[in-house]
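Worksheet: the structure to be examined is printed underneath.
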Protein chains: 2
Amino acid sequence: MTAERTLGTVALHDQIADDLRERIASGEYAPGATLPSVRQLQDKWKCSDGPVRDALTILRNEGRIIQSRGAPARVRIAPERALSISITPEAAQTQKDLALRPQNERAETGASELALGVPIDQTAFTATYTRVPADRELAGEFELQAGAELLRREYRTVHSESDRLVLSSVSHIPIALVEGNPDLLDEKNEPWPGGHWHQLYTVGIEIDRIESSITAIQPTPRQRQDWKMDPGVPLLCLRSLSIDTEGRVVEVADSTYPGDRTAISFTQQLSRWPTTRRARPGRKAV
Amino acid sequence: MTAERTLGTVALHDQIADDLRERIASGEYAPGATLPSVRQLQDKWKCSDGPVRDALTILRNEGRIIQSRGAPARVRIAPERALSISITPEAAQTQKDLALRPQNERAETGASELALGVPIDQTAFTATYTRVPADRELAGEFELQAGAELLRREYRTVHSESDRLVLSSVSHIPIALVEGNPDLLDEKNEPWPGGHWHQLYTVGIEIDRIESSITAIQPTPRQRQDWKMDPGVPLLCLRSLSIDTEGRVVEVADSTYPGDRTAISFTQQLSRWPTTRRARPGRKAV
DNA sequence: GAGTGGTCTAGACCACTGT
DNA sequence: CAGTGGTCTAGACCACTCC
């Protein structure tokens, strides 16, 4: 009967977690530092190992500590935000214009569509595609009936050395839109040479705009493993709808990024006020 | 004693969690449905309650189920994405141009800067501001020495009925930039009438562009409580740097949004290909 | 009041790390 | 091999919900 410790109805493991969390935040336990062992914490809080382990589980799921067998728990070191996904109208426009250029010119760009934080020769690119029926969600985006046939194309780039995922994206296109060009349904042509937009051009589709939306979710265990993400790290999801000049959604592309290493960034350029108030336009450092 | 159950070195609580996760994904347990009770799962897996509870904890932290006292665990119902944060150059430009308009015109816009999913008369707006020294991170953004004095302004909008946070944003501005206008340092003037940019205009600052970046983090317990977020739901973070015509970062604004109810969206408009290939919409010339 | 989940204990054994 | 964290059990009591 040691229940008298529950002073204010807040569970002991929460008290322990709160205490450790505060000490981590204050810097008493710096990133990389080892935490007291389970036995030491038991001794300090005069309890069995259960509450202590529960507290550590809480902090692990918050992404604050890492635990491994045999070694003491440590304050997690948040990685640098190495992956910066820049969304710029210029880049999209460039890619769009490229779609009209001759074959040899398009080929030069090839698969290096995105600037990653990893040299491209250290990565392995794979593409797979299948035909799938549209689920409710995708059918809604395309304004099709659920079950309509879609071309599903999955792109993955892994860092060959560490076997860590660097880029992952899944794209869906209604079969009905692309069956005019049989080449597009031939898996041997993956990745579509010269980029999506040239291929879409071959079936008479011109992209008018990209509507993107960003959300965050908790990764599935599979996703966490693919990206080799620590527990407690969320996943950034970027869904881009390609809309053609007739207003149809012709492609839905879903990309995911580990939330702790990635920042999705974009710039909104504003025009100047009419009267130039600052006499010195000065230097425009970047 | 009963250790022979550990067939393939994968922990029992992981097996249970994997099994339940799969059943949830397959729809066997639909959103809102009750899961088997802890005792039933013990019976099914022939184990004590520990592994079963551990499995449920895993699923809770993944945001897949909700648990409460007395009531059975249920599959979590993901909320609609009611909060859609739209980033448009037009809106920013409009706000910029507004800064030059006369007082009465600016006042009409007032605090309703953002379209929220909640009627504005059901919300309570609070603003607080303090002077704080720049931490390393903010000092880096402003290219100032760590410790330089900043004006910190915190905006919060809560839905008065549910006491739920609807909007939360923290903005930092170097004191040195705004001390030319004493009004800006007077808390009674919060929120700055007519918007930030008019106030910045009074000290000779014109915004050239906004550089935004989006990340995702695990919320602190405090944040989770403020937003009344379920466990396992990440937080979307939007950091916007306001850069003036001289290239200086003059304001850093950090907004957070619950990751399950929010989508940050934007559109990239592309210009048409030079040769008008389709004279009339609806024809697919090749 | 019956059933649910929440918390905690005491003890056992295992897997792994580091010295 | 000493110390660490990981897993599981059996049992107890509590707080809460729902009928």
Side-chain angles (χ1 to χ4, degrees), chain A residues 1-20 24 29 32-62 64-76 221 230-232, chain B residues 1-20 24 29 32-62 64-76 221 230-232:
Chain A
M1 310 314 128
T2 42
E4 70 273 70
R5 193 176 299 102
T6 311
L7 305 171
T9 71
V10 44
L12 182 53
H13 62 246
D14 281 329
Q15 294 181 43
I16 300 174
D18 291 347
D19 179 62
L20 289 174
I24 291 171
Y29 301 126
T34 68
L35 291 165
S37 75
V38 171
R39 276 82 169 178
Q40 287 170 339
L41 289 170
Q42 285 184 56
D43 193 51
K44 170 172 182 179
W45 290 88
K46 304 275 183 275
C47 65
S48 69
D49 66 333
V52 170
R53 294 185 194 278
D54 287 347
L56 294 177
T57 298
I58 291 172
L59 296 177
R60 186 186 60 213
N61 284 321
E62 289 174 359
R64 297 195 154 78
I65 67 171
I66 52 165
Q67 292 170 282
S68 47
R69 294 221 142 156
R74 290 170 184 277
V75 179
R76 178 166 173 266
D230 293 332
Chain B
M1 303 303 118
T2 42
E4 70 272 70
R5 192 175 300 103
T6 310
L7 304 171
T9 71
V10 44
L12 183 52
H13 61 247
D14 280 329
Q15 296 181 41
I16 300 175
D18 291 347
D19 178 62
L20 289 173
I24 291 172
Y29 300 126
T34 69
L35 267 57
S37 73
V38 171
R39 276 82 171 178
Q40 286 171 339
L41 289 169
Q42 283 184 59
D43 194 49
K44 171 172 182 179
W45 291 87
K46 305 276 183 275
C47 66
S48 69
D49 66 333
V52 170
R53 293 184 193 280
D54 286 347
L56 295 177
T57 299
I58 290 172
L59 296 177
R60 186 186 58 212
N61 283 321
E62 290 175 359
R64 297 194 154 77
I65 67 172
I66 53 165
Q67 292 169 286
S68 47
R69 292 232 153 153
R74 289 169 184 279
V75 179
R76 177 164 172 267
D230 292 332

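These values consider heavy atoms only, across backbone and side chains, with no hydrogens, waters or symmetry-generated copies. So that the names make sense, note that chain A is the first sequence line, chain B the second, and so on, each numbered from 1.
To the nearest 0.5 angstrom, E62(B) atom CD is 12.0 Å from R76(B) atom CZ. The CG atom of L12(B) lies 9.5 Å from the CG atom of D54(B); values are rounded to the nearest 0.5 Å. Summarising the geometry, atom CG belonging to L59(B) is positioned 7.0 Å from atom CZ belonging to R64(B); distances are rounded to the nearest 0.5 Å. In this structure, I65(B) CD1 and R74(B) CZ are separated by 12.0 Å, a value rounded to the nearest 0.5 Å.
The nearest whole Å value for the distance from the CG atom in D49(B) to the P atom in dT9(D) is 9 Å. L12(A) places its CG atom 15 Å from the C1' atom of dC14(D), with the value rounded to the nearest Å. The nearest whole Å value for the distance from the NZ atom in K46(B) to the C1' atom in dC8(D) is 17 Å. Atom CH2 of W45(B) is separated from atom C1' of dT9(D) by 18 Å (rounded to the nearest Å). Following rounding to the nearest Å, L35(B) (CG) and dG5(C) (P) show an atom-to-atom distance of 9 Å. dG5(D) atom C1' lies 7 Å from atom CZ of R69(A), rounded to whole Å. Atoms CG (D43(A)) and C1' (dT4(D)) sit 16 Å apart, rounded to a whole Å. Rounded to whole Å, atom P of dT9(C) lies 9 Å from atom CD of Q42(A).
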Item to complete: Could you give me the CA-CA distance, side-chain angles and deciding distance for D19(A) and K44(A), then say whether side chain to side chain contact (heavy atoms under 4.5 Å, CB included) is met?
Response: CA-CA 12 Å; D19(A) 179 62; K44(A) 170 172 182 179; 3.7 Å; yes

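Positionally, the nearest nucleotide of DNA chain C for H13(A) lies more toward the 5' end than for the other of R74(A) and H13(A). Looking at which nucleotide of DNA chain D each of S48(B) and R39(A) is closest to, the 5′-most match is held by R39(A).
Formation of a donor-acceptor pair under 3.5 Å by the D43(A) side chain with backbone atoms of R39(A) is not found in this model.
A heavy-atom distance below 4.0 Å to DNA chain C is reached by these residues of residues 51-59 of chain B, ordered by number: R53(B).
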